[in-house]
There are 2 protein chains.
Amino acid sequence: MAKINEVAAAAGVSIGTVSKFINKTKRFSPDVERRIAEAIERLGYESNPLARSMATGQTGAVGVVIQDILNPYFTAMVKGVNRIAQRNDFVVLIVDADENRKGERPALTKLSRRVDGLILNTSMPDDDLRWTASLGKPVVAVGSAPRDGLLTLHSDPVRAGEMLGQHLLMEKYQRFAYISLPNARGDDERRAGAEQVLARAGLPLRTFSVPRATVADGERVCASVMLSAEPPDAVICYNDMIAAGFIKEAERLGISIPHDVAVCGFDNLELGKLTSPTLTSIDTETERAGEVAMTTLLDALAGKSPDPHTMLEARLVVRESTVRPRDARRR
Amino acid sequence: MAKINEVAAAAGVSIGTVSKFINKTKRFSPDVERRIAEAIERLGYESNPLARSMATGQTGAVGVVIQDILNPYFTAMVKGVNRIAQRNDFVVLIVDADENRKGERPALTKLSRRVDGLILNTSMPDDDLRWTASLGKPVVAVGSAPRDGLLTLHSDPVRAGEMLGQHLLMEKYQRFAYISLPNARGDDERRAGAEQVLARAGLPLRTFSVPRATVADGERVCASVMLSAEPPDAVICYNDMIAAGFIKEAERLGISIPHDVAVCGFDNLELGKLTSPTLTSIDTETERAGEVAMTTLLDALAGKSPDPHTMLEARLVVRESTVRPRDARRR
DNA sequence: CTGAAAGCGCTAACAT
DNA sequence: ATGTTAGCGCTTTCAG
């Protein structure tokens, strides 16, 4: 691979001139420019990004940390990030937190040395999150409440929980359960939102929990929730993965949705359109969130001081899993 | 952030000594080692990976190019790659080919400068694929037939098509259709495999096609396939995304699966367990493929010359979408 | 067993 | 308008 000095030699100019030409940081006489361009072309020269980073202190890379790449919620965000990144000639470095052996901090420290900024979408203890500000690079925390020193981007999870609760009340459900993913980001808030709305109607919310946000865990929890003395007639799941598993297992158990029980989740994943019945959920425009996160980061890197805290509006997406046919509801 | 010279100064040794100590490339007297360790600890020193790369020519990064990060097939592979990468202190750089504006070659050239090796899982013209060998870095092509100059990893797509065809024949289906994704990797082979098996039974295979491998496209094609003069009673889709969409739309159209038509796909995505009926598919152990790809790459980087061409066994996973209840089949 | 110094390829401030 | 040169932070050969 040709180096800048070879190009300079071939074009009969100095190495500095080539550098300036490449970075468009200075113009030269048409003759010189032509010679350089021609040399670059002929040698197939491409500037070495590492050497460039070394000299400029900028990497042209961003780090994205997500909880689990198998969860479409996270990949949707990555899609958005990727789109904006590639458009701006940035490269994205991805870390799957679930696969990370050695705690968050060491991993983040290592990662941060290789990138200009970070986008975080994980359930990370509050302490760790706050600590990231000390990395000396801009970080966008997706799904986190506003916080000094960080750029954040989120949609109100309490509000989302309320929407689901309110919707279920309007559909005349009576006995509510919440499937929690303890310690996950937004878990408490989603639950609290639903709980508040139900409490206002004088109705309690029972909580169950699963260890991971997977379809398999949703399946596993279904029987223990539904085959009990007083099963709920409406269950709100921490996310759509769990909800989808729950629905599938209910089908196997001969439990009819939404006739026997309503089921809903959060994130509005595409798989919610594939289940039978289709899944009611909360849409948070995840892909767009990724775009916004990356745009915000780029602005910060460009010294534009963007809005530090962006709030995205959540939307209730009602599908079959929570809506009883008219006559059934009347009983 | 502390630099190596500060550590050296603090420990009262030379900068070279610190470097050797860090890289365990040489041992020193207990006293010196203690002093260095202590200085590193106290200053919170971490070696700058960029400078290190500059000096060694190694980046500790791999590039992964996938077709579409929204397709779980690709993310499953990335999961596997990520696992092995993180275990070996490698970082992964991801590129979504669908979001890539400027052709494959420029994008790959740029990417390759930042990494030690590449893992490719895209549908790329054969020419381009062959060309990647000239990048001067090891590349693992997942899902590609063996090819000189490249490391490859794939499971026989013709065989996979055969399995599905044979299975459908055994279930006594008669009128077959294939939903193709033209130019996609393995499309021709999957189709050919099925076609051969059916031809042996004297049965033809009609081909339809979709522009993208998405659920939405599967939904869209369903009506035009099924609401025609002589609709098929068994359809093989290029992948599970298309198949899942097809199934969902069939449900809406009042077409019963597998009673009216059998549907199957490739990749054995998790969403195939969520549809109703559940989806018959071909499992290619995608996540493991990612692990193997990364392991192979690491071996190549370590100069171990691994098996250049690995073949993974595909497996037929029969679910509800292709199996008629006994009595229905007897008619 | 430890130190000095020459690079890795490029940028940017300073000369000319 | 173009050239010179001192770094960027680290590794590694070669001396001592």
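Here is how names work: the chains are called A, B, and so on, in the same order as the sequence lines, proteins then strands, and each is numbered from 1.
- Judged as a side-chain hydrogen bond (donor to acceptor under 3.5 Å, both in side chains), the pairs with a partner in residues 137-150 of chain B (not counting sequence neighbours) are, in order, B:Asp126-B:Arg147.
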Identify each donor-acceptor pair in which a side-chain atom of residues 7-18 of chain A lies under 3.5 Å from a protein atom, sequence neighbours left out, and give them as a table.
residue : atom : partner : partner atom : Å
A:Ser14 : OG   : A:Gly16 : N            : 3.3
A:Ser14 : OG   : A:Thr17 : N            : 3.3
A:Ser14 : OG   : A:Thr17 : OG1          : 3.2

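- Two residues are said to be in side-chain contact when any heavy atoms from C-beta on lie closer than 4.5 Å; B:Val62 and B:Leu297 meet this criterion.
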Donor-acceptor list for residues 84-94 of chain A side chains, cut-off 3.5 Å, not counting sequence neighbours:
residue : atom : partner  : partner atom : Å
A:Gln86 : NE2  : A:Asn82  : OD1          : 2.5
A:Asn88 : ND2  : A:Ile84  : O            : 2.7
A:Asp89 : OD1  : B:Lys102 : NZ           : 2.9

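- Across its full length, the helix from C:dC1-D:dG16 to C:dT16-D:dA1 shows an angle of 50° between the axes of its 5 terminal pairs at either end, rounded to 10 degrees.
- Taking every nucleotide of DNA chain D with any atom under 4.0 Å from a non-hydrogen atom of chain A, the first and last of them, 5' to 3', are D:dT2 to D:dG9.
- Pairs engaging residues 16-27 of chain A under the salt bridge (charged side-chain N to carboxylate O under 4.0 Å, His left out) rule: A:Arg27-A:Glu33 [sequence neighbours left out].
- Legend: residues meeting side chain to side chain contact (heavy atoms under 4.5 Å, CB included) with A:Ser53, ordered by chain and number and at least two apart, are A:Thr59, B:Leu50.
- Take B:Glu287 and apply the side chain to side chain contact (heavy atoms under 4.5 Å, CB included) test, not counting sequence neighbours, and it matches A:Leu70, B:Lys79, B:Arg83.
- Identified under the salt bridge (charged side-chain N to carboxylate O under 4.0 Å, His left out) test for residues 42-57 of chain B, with sequence neighbours left out: B:Glu38-B:Arg42.
- Evaluation of the side chain to side chain contact (heavy atoms under 4.5 Å, CB included) rule for A:Arg105 yields A:Asp127, A:Asp128, A:Trp131 as partners, not counting sequence neighbours.
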- Item | Under 4.0 Å protein heavy-atom contact, by nucleotide of nucleotides 9-15 of chain C - B base, S sugar-phosphate only | BBBBB--
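- Scored by the side chain to side chain contact (heavy atoms under 4.5 Å, CB included) test, A:Pro106 finds no partners at all (sequence neighbours excluded).
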